[in-house]
There are 2 protein chains.
Amino acid sequence: MKDEKPPTRIQKKNREVILDAALEVFSQEGFRGATLDRIAKVAGLSKPNLLYYFSSKDAIHEALLRGLLSTWLDPLRAIDPSGDPVEEIMGYVRRKLALARDYPRESRLFAIEILQGAPRIAPVLSGELRELVDETAGVIDGWAAAGRIAPVDPRHLIFSIWALTQHYSDFDVQIRAVLGDGDPFAGAEIHLEAVFRRILGGGPSLSGVN
Amino acid sequence: MKDEKPPTRIQKKNREVILDAALEVFSQEGFRGATLDRIAKVAGLSKPNLLYYFSSKDAIHEALLRGLLSTWLDPLRAIDPSGDPVEEIMGYVRRKLALARDYPRESRLFAIEILQGAPRIAPVLSGELRELVDETAGVIDGWAAAGRIAPVDPRHLIFSIWALTQHYSDFDVQIRAVLGDGDPFAGAEIHLEAVFRRILGGGPSLSGVN
DNA sequence: CTTCGATTTGACCAATCGGTCAAAGGGACG
DNA sequence: CGTCCCTTTGACCGATTGGTCAAATCGAAG
């Protein structure tokens with residue numbers, strides 16, 4: 001039943017080069033806006049050579065998304081239901097922010113895909129992602145019910161984490177334009193640390209507010 | 001010095017129709033991904049007819065962005081330095097969220113433009129927008145210094161408001177996939193109301209947390 | 001009804017799109 | 001050195017791109 005040949009050294013390298021170039025282009029232009037010529041030029045290969053390694057533009061894009069999705073969902077899986085609630089959630093925030101800082105192209109590719117209606121990953125969103133969120137939401141709900149964090153809609157809390165962390169990579173240009181020089185992520189780290197600690201609450205004295 | 005002819009009734013209507021169609025297409029595909037044929041079909045006009053009203057694809061896109069930017073910046077201008085700090089900021093949050101709910105195409109157009117490096121609006125970002133943010137940051141800083149809201153980096157607070165509100169329109173597909181049926185904005189309103197009140201703090205008892 | 005400018009369109013253009021193909025080049029192994 | 005297969009490419013294809021143009025049509029004022 002095995003008819004797969006083991007990939008050559010050169011195959012492995014060129015596939016990587018192509019996917020890296022495709023990530024660069026797709027994440028800036030979207031699927032329709034990206035062109036094979038551009039990807040080929042960035043990869044330093046000829047266009048027919050691209051199509052020797054990937055059968056079509058769609059195939060490149062699909063391979064890119066497939067490789068991205070697991071990386072993107074992993075941090076959510078790393079939340080430990082038996083850990084300290086605040087620290088577990090703060091850890092997730094930090095992991096997500098690090099992802100946004102270290103893999104801005106991946107973040108943008110994902111963002112542009114969703115913005116354009118996510119036609120190619122819709123099944124994953126309403127399948128794997130939804131299940132994972134439901135699961136995590138249950139954990140967070142348990143923490144809130146036990147009074148270990150302030151009451152909060154767990155799903156919208158997760159959305160907030162996604163929004164606040166991805167914003168720093170996806171809207172990078174806007175943020176740098178407003179802030180001027182310097183690394184926005186330094187300020188972001190401090191800010192999000194404070195913000196989420198306040199959201200999750202320090203304990204009992206929260207309901208007496210205002 | 002005036003050489004502008006007053007626009008005909010039919011000119012006004014068709015320009016609107018074209019810009020509306022262009023908003024639809026540009027906000028889904030980005031600049032490069034959008035095609036004149038598509039815009040023409042959505043507008044119900046022939047392609048040469050488009051180019052009778054706008055001299056080029058660029059011209060349509062530019063007109064669209066120009067019209068959008070003021071609308072997009074207005075809510076920030078509406079913050080009243082002499083008002084109640086928490087209510088002023090909460091009002092801004094609500095206005096931004098309403099904008100995201102009622103004008104999702106405009107929100108996505110803006111998002112896709114920034115994602116692609118904002119080559120056409122970079123001057124506005126580092127000019128008008130930055131000044132406006134600086135100004136508002138000063139106001140917020142004053143409120144924080146006076147102890148009327150919890151201490152917070154004003155610029156990152158503004159980023160947070162942008163991120164959390166726009167997320168609900170820009171990532172609409174993902175949110176609906178995770179939440180299932182129903183209007184995400186209903187939950188968003190309640191969630192953001194609670195979240196930002198906690199961020200802004202209820203008063204003096206916040207520093208005793210943890 | 002006629003006139004004249006505003007409006008609309010079919011036909012067309014060069015450039016670029018994704019993709020094909022046959023032929024040439026390269027590298028490991030005998 | 002020769003062979004065989006993996007790799008690379010120049011030339012090319014039909015379709016689509018943004019944009020042009022002359023001719024046809026429309027609509028309001030006389």
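These numbers come from a predicted model, not from an experiment. So you know, we letter chains A, B, ... as the sequences are listed, proteins then strands, and number each from 1.
Closest heavy-atom contact between B:Ile18 and B:Ala43: CA-CB, 4.4 Å. Across every non-hydrogen atom of A:Ala34 and A:Glu29, the tightest pair is N-CB, 3.7 Å.
Residue contacts shown for B:Arg38 are absent, as no nucleic acid heavy atom lies under 4.0 Å away. When heavy atoms are screened at a 4.0 angstrom cut-off, B:Leu45 is found touching no nucleic acid atom at all. Among the heavy atoms of the strands lying under 4.0 Å from B:Ala34 are primed sugar atoms or P, OP1, OP2 only; no base atom is included. Nucleic acid contact class of A:Ala40 (heavy atoms, under 4.0 Å, all strands): none.
Put simply, CG on A:Asn49 is 16 Å from P on C:dG18, counting in whole angstrom units. Between B:Lys13 atom NZ and C:dT8 atom P the separation is 8 Å, expressed in whole Å. Taking atom NZ on B:Lys41 and atom P on C:dT8, their separation rounds to 19 Å, with Å as the unit. Rounded to whole Å, atom P of C:dG27 lies 8 Å from atom CD1 of A:Ile10. For B:Ile39 and D:dG18, the CD1 to P distance is 8 Å, given to the nearest whole Å.
Evaluation of the ring-ring contact (aromatic ring centres under 6.0 Å, His included) rule for B:His167 yields B:Phe171 as partners, not counting sequence neighbours.
When each of D:dT17, C:dT8, C:dC17 is scored by its nearest atom to the side-chain atoms of B:Asp37, the top-ranked nucleotide is D:dT17. With D:dC6, C:dT7, C:dC17 as the candidates, the nucleotide lying closest to the side chain of A:Tyr52 is D:dC6.
A residue-by-residue look at B:Tyr53 and A:Thr35 shows that B:Tyr53 has its nearest nucleotide of DNA chain C further toward the 5' end.
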**Message:** Apply salt bridge (Lys or Arg N to Asp or Glu O under 4.0 Å) to residues A:Asp74 and A:Arg95 and explain how you reach the verdict.
**Reply:** CA-CA 10 Å; A:Asp74 274 344; A:Arg95 276 190 299 269; over 6 Å; no
**Prompt:** What does nucleotides 19-30 of chain D look like as a protein-contact string, B for base, S for sugar-phosphate only, - for none, at under 4.0 angstrom between heavy atoms?
**Reply:** BBB---------
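Using a 4.0 Å cut-off between charged side-chain N and carboxylate O, B:Arg94 and B:Glu193 make a salt bridge. A salt bridge links A:Asp20 to A:Arg105: at least one charged side-chain nitrogen sits closer than 4.0 Å to a carboxylate oxygen. Between A:Lys47 and A:Asp37 there is a salt bridge, since at least one side-chain N of the basic residue sits less than 4.0 Å from a carboxylate O of the acidic one.
Two end axes, each from the C1' atoms of five base pairs, can be drawn for the helix from C:dC1-D:dG30 to C:dG30-D:dC1; they diverge by 0°, to 10 degrees.
Checked against a 6.0 Å centroid threshold, the rings of B:Tyr168 and B:His191 do not count as neighbours.
Using cut-offs of 30° and 60° for the angle between ring planes, the B:Trp72 and B:Phe110 rings count as tilted.
Phosphate contact (OP1/OP2 of D:dC6, side-chain N/O of A:Gln11, threshold under 4.0 Å): absent. Distances shorter than 4.0 Å separate some side-chain N or O of A:Asn14 from OP1 or OP2 on D:dT8.
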